[in-house]
Each structure stands twice: as C-alpha cells, then as structure tokens.
Amino acid sequence: MKLRKCLIANRGEIAVRIISACRELGIQTVAVYSEVDAQAQHVKLADEAYLLGPAIPSLSYLFYPKLITVALDAGCDCVHPGYGFLSERADFAAAVQAAGLVWIGPRAYAIAKMGNKTEARALMEQAGVPVVPGFQIERASDADYLAAAEAIGYPVMVKAAGGGGGKGIRIVREARQMIEALDSARREAHNAFSDSRVFLEKHIEYGHHIEIQVVADQQGNIVHLFERECSSQRRHQKIIEESPSPLLDEHTRQKMGTAAVEAARAVGYINVGTVEFIVTPTGDFYFLEMNTRLQVEHPVTELVTGIDLVKLQFSIAEGEALPFTQADVSQRGHAIESRLYAEDPMNNFLPSIGRLLTFVPPIGPGVRVDSGVAVGDEISMFYDPMIAKVIVHAEDRQAAVARMQAALEQTVVLGVHTNLAFLQTLLAYPDFQSGKVYTRTIDEHLNELLPTPIPVSDTALIATALADYHREADAPLKSGFAGEGHVSTPWARADGFRSGR
C-alpha cells in the first residue's frame, strides 16, 4: 500500500520535519493551523493548509473531530501526529483508523497500555524488564502511600499515572513532606492530563536518564537503534540530548537494548517508539516509561545511525518490513542536540513571546538545524516556545561538544529572550564536559549555570530595526487564499511534482 497524501496533525518544527520527509517520499502534505498560525512556516511549506479554529489548543490542534474531517475532505489517506498534542491519545488514533485513514504510529491499544504508567510498570514486570521499586494500587489512601514509602525507603518520587513530560512529579525525602507532595502532584496531574491518579517510585540519586530508540514493523521484527543520553534536564524537562551516552559501556548498552526490545514486544508494538530508563552510577537500569511516538530528540539517533526515522515511520505504516536487522545497525561518531527556546533564564525560564526580528541559524559541516520559525514570525503565548533544535555530529564526543559550542556561537536571535547563553554555559560546565551530568545536576547547580547578561549595544538594536523595516518594505504582498479555511502554496502549484503526473 503506497501512501499518497498525509494530514499532519501538528504545527511548528515537527510539522516542518514531517513535510520534509514527505517531500522526499513523494507524499503530498496537508497542514492545519490555528488563527494565530496562519502565516506559520508549516502552513507555507505544505501543499495545502486548512484553518482549524482559534489559538486555544482545545479549539484547534486538540479538537480531533475537525482534524479527521479535514483529512477526509482533503482526500488524505493517512495522519501523522508528530509529537505532543494528540500524538499519544489512543482515542485519536482509534478515531483516525475508524475513519479509514492510516495512523502513522503504534496501535491504539499500545498507546493506551503504555500511556498508563501503572499499567505499563505491571506489564514490564511480567515481561521481565527491570522496574524501579514502587507502589501502585488503585484507590490507595494517603496512609497507604506513607506506609509504602517507608517500605521502599526515602527518597521516593510521586508521579502522575496518566501522563509524562515532567508533569505531576514530586521528590519526597522524608515522611512529613508526603501529604503535601501527594496533593500538589494530584492537582498538577489533573490539570495536565485530566487524571489525578499518582503512584510512587524509588528516587534514584545521581541517576542518568537514558532512553532506547526502538522500531518495529507489522511482520513482528523489532530492532533497537541504541541509546540517547537525556540527563541534561531542568525540572524533568530535557535541554541537551546526545548519543552515545558517555556513561554506558558496551555490555550495559546491549543489555538495555535487549530490554527495550522485550518491552516493545510485550505490548505488541508497531512503528517508532522510545523506552526510557533510569540508570544508576554503577550501571543498573530500571524501566521508567515508554513514549509511543516520535521523540523531540530523534535527530541524534538519525545522525549516529544514518536512519531517517520519519521516513521509516511511513514505510512501516505502508506494511513494509524493516530494511535492516539488529546486526546491520551501528553507532557512528557522536551527536548532540541543543533545544533553543524563546525563554528567559534570568526570569525563572518564563516563555518570551514576541516577534523574531533576527534569526541566524548556524551552518557548517556536521551541523543540522530543525526549526519551524523564520524572521518575522511570532512566538505565541499559546504554544511551546521552541525556536529550533541545533544538532551536530562529529567523530567523537569531544569534537561534537566543540562543534556544538561553535554552532551556538554563530547563532543570533533578536526580538525575544532565549536560552542561548544558558546552553553555552552548560556546554562549558566541567561536569558536562566530562560526561558526568545526572538528572539533578542542573537543578542543584542552577546558580552556577545562569549566564551573566550581556547588554546589546544601541547600534546593534538600531541596525536590526532598520533591517527589519526595509525587509517589510521590500516584501511582496502575501496572497494565495483559495477559499475559506484553505491556503494555496507554491508546492501545490508546482508542475505536477506533488501529484505524480
């Protein structure tokens, strides 16, 4: 079955990334957008684009009956959810398939099973995958949690059962903190996932967050594509990811890869997914969760393996067998990804909204930039404030770190605050340089990592303002609306390229 036309149920950087893959595959793309995203890059790059509704996600990107209607009206035969938004909603995946469309992702069953953290833990225990000691009983009382924490041993983590992304997590170091931690974690989990259930896990001190990329076809073949080191995180949110991990030896790497494959097999997994582990300083590892989607940090795996994960997703969805075996896959060199955000590190990392007056991404050998914005675009208060992912690849870790530092030095952003200087400080931090960053390093040493503000000269600001003025004056009038809710793009008008004529 050859897929012809894909609705991309997302926005920003990941929508642009999927459009790029589809272009290479000869698959037409249909973008969707909210009112504030009418001039967004993914809208301009897709073959067609349709208005969903207001900026509020629940009325646009999360309102999946409208997404399915658009897909059917536009003549799509598949839907790619990207990451975030509806990507791990089992009900959306099921609705897409019920409408006769191909879902570019795992079965709804697998999404639901692995999306419930307590059910996932139980399934992994049955499959023989190491699981962090914990406590997970439905309708448990606060007294039950206190007793369980004493049995597990402090410190413990209170974690949301129905979601991830760092939401609904509290570290509890002594009994007197438990009730408050339970209450606040439940509130945050309810607000984030409409599910206030929580469970306990032993908190691993000085742990490393390492995830294994897995791919599985419809014929039952499952292969892991090695690991990504994700310990450089703040408040459970990843900042820098890399592959290979500087912590792992080859024996542990292979054991973790085998465990990840067994985890995927236990849930009947199909397509691309990630199994996340917490790893102790001595090399013991425990299952945390499975992300049933493409990850933000997938480019580092692509660079060290040479495998295009997005194109592979479409191939698997078309029913093709994996074009490689485990023995065929190897890691080559070292890759690092830095997430460039519009946020103010000096103001508790609050998002910085506004217009991008200047954005100069880095270029050079071994440098890749995945972005969904351009000069003149607005960073909205409604969505994730990511500007770009800067990814580098080099022959070894030392060379990759140096290449990333050089790439970030080239990067220029004006118009909004960014975490650019913070990323540069983190890359130069001795613990990062030596590969010893664990999951709490940034939170515990944040004052040392916050950059010293560098004032921008009046001359630079005036030059930027003049350049922006002239760019607006010289820009051609935008046109191309071909009807209500539809935008015609240059790709749609290209001479037969997208239609296969």
Side-chain angles (χ1 to χ4, degrees), residues 88-90 106-142 144-172 178 181-182 185-186 188-190 192-205 207-214 216 222 224 227 230 236 255-269 273-280 284-293 295 439:
E88 292 183 284
R89 284 277 298 272
R107 295 188 180 103
Y109 164 82
I111 297 174
K113 201 72 174 175
M114 302 310 282
N116 184 304
K117 301 301 181 277
T118 54
E119 287 187 21
R121 280 174 53 87
L123 185 62
M124 293 303 102
E125 287 179 329
Q126 294 171 14
V129 177
V131 174
V132 180
F135 172 72
Q136 52 191 71
I137 295 178
E138 293 291 333
R139 294 180 293 277
S141 67
D142 288 354
D144 293 330
Y145 283 105
L146 281 166
E150 290 292 340
I152 295 168
Y154 290 98
V156 297
M157 296 181 75
V158 180
K159 300 182 70 175
K167 302 293 186 183
I169 294 178
R170 300 292 184 273
I171 296 175
V172 183
M178 179 60 74
L182 287 168
R186 285 168 177 150
E188 186 173 13
H190 177 76
F193 314 116
S194 300
D195 183 348
S196 61
R197 292 174 302 156
V198 297
F199 65 100
L200 296 185
E201 274 185 354
K202 174 68 178 175
H203 175 58
I204 306 298
E205 297 280 20
H208 285 247
H209 184 163
I210 298 178
E211 60 191 26
I212 304 290
Q213 179 72 62
V214 294
I222 307 176
H224 72 80
E227 83 279 7
C230 303
H236 311 291
K255 284 181 62 179
M256 290 182 69
T258 299
V261 167
E262 290 307 310
R265 197 180 308 280
V267 74
Y269 202 82
T274 302
V275 182
E276 303 200 356
F277 295 95
I278 189 75
V279 184
T280 70
D284 295 323
F285 61 90
Y286 303 97
F287 171 85
L288 284 178
E289 62 183 7
M290 185 174 190
N291 291 307
T292 52
R293 54 172 167 80
Q295 291 279 88
T439 55

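Everything numeric in this text was worked out from a predicted model, so none of it was measured. No hydrogens, no waters, no symmetry mates; every other heavy atom, side chains included, goes into these values. All residue numbers in this chain count up from 1 along the given sequence.
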Should we say atom NZ of Lys255 is surrounded by more than 12 heavy atoms from elsewhere, each under 6.0 Å from it?
-> no
Would you check, one step at a time, whether the test side chain to side chain contact (heavy atoms under 4.5 Å, CB included) holds for Val158 with Ile169?
-> CA-CA 5 Å; Val158 180; Ile169 294 178; over 6 Å; no
Take Met290 and Tyr269, measure what side chain to side chain contact (heavy atoms under 4.5 Å, CB included) needs, and give me the verdict at the end.
-> CA-CA 11 Å; Met290 185 174 190; Tyr269 202 82; 3.5 Å; yes
Of all heavy-atom pairs between Ile212 and Phe277, which one has the smallest distance, and what is that distance?
-> CG1-CE1, 3.8 Å
Is a side-chain donor or acceptor of Glu211 paired with a backbone partner of Thr274 at a separation under 3.5 angstrom?
-> no
Flag the pair Lys167 and Asp195 as a salt bridge only when some basic side-chain nitrogen lies within less than 4.0 angstrom of an acidic carboxylate oxygen.
-> no
Where the side chain of Lys202 meets the backbone of Gly153, is there a donor-acceptor pair that is under 3.5 Å apart?
-> yes
Just how far is it from atom CD1 of Ile210 to atom CZ of Phe285, taken to the nearest 0.5 Å?
-> 10.5 Å
Between Gln213 and Gly273, is there a donor-acceptor pair closer than 3.5 Å when you use the side chain of the first and the backbone of the second?
-> yes
Run the side chain to side chain contact (heavy atoms under 4.5 Å, CB included) check on Gln136 and Glu201 step by step: do they pass?
-> CA-CA 9 Å; Gln136 52 191 71; Glu201 274 185 354; over 6 Å; no
Would you say Ile278 and Thr439 make side-chain contact, with heavy atoms under 4.5 Å?
-> yes
d(Tyr145 OH, Ile137 CD1) to nearest 0.5 Å is 8.5 Å
Exam field: side chain Arg107 to backbone Gly268, donor-acceptor pair closer than 3.5 Å | yes
Would you say the side chain of Val279 lies within less than 4.5 Å of the side chain of Met256, judging by non-hydrogen atoms?
-> yes
Can you see which heavy atom on Ala148 is nearest to which on Leu200, and at what distance?
-> CB-CD1, 4.1 Å
Does a side-chain heavy-atom distance below 4.5 Å link Tyr154 with Met178?
-> yes
Under the 3.5 angstrom rule, does the side chain of Asn291 hit a backbone N or O of Arg293 as a donor-acceptor pair?
-> no
Heavy-atom pair with the smallest gap, counting every atom of Ala259 and Val129 = O-CG2, 3.7 Å
Starting at OG1 of Thr118, measure out to CD of Glu138 and round the result to the nearest 0.5 Å.
-> 5.5 Å
Using a 4.5 Å cut-off on heavy atoms from C-beta on, say whether the side chain of Lys113 contacts that of Thr292.
-> no
Using a 4.5 Å cut-off on heavy atoms from C-beta on, say whether the side chain of His236 contacts that of Met157.
-> yes
Looking only at heavy atoms, which two atoms of Ile111 and Pro106 are closest? And how far apart?
-> CG1-CG, 3.6 Å
Flag the pair Val156 / His203 as yes when at least one side-chain heavy-atom distance between them is below 4.5 Å, and no otherwise.
-> no
Write down the atom of Arg170, the atom of Ala181, and the distance for their closest heavy-atom approach.
-> CG-O, 3.7 Å
Would you indicate whether the side-chain heavy atoms of Leu123 and Phe287 approach each other to under 4.5 Å?
-> no
Can you see which heavy atom on Ala160 is nearest to which on Ala189, and at what distance?
-> CB-CB, 3.7 Å
Tell me, do Glu289 and Met124 make a side-chain contact under 4.5 Å, heavy atoms counted?
-> no
Donor-acceptor contact below 3.5 Å, side chain Arg121 vs main chain Val132 = yes
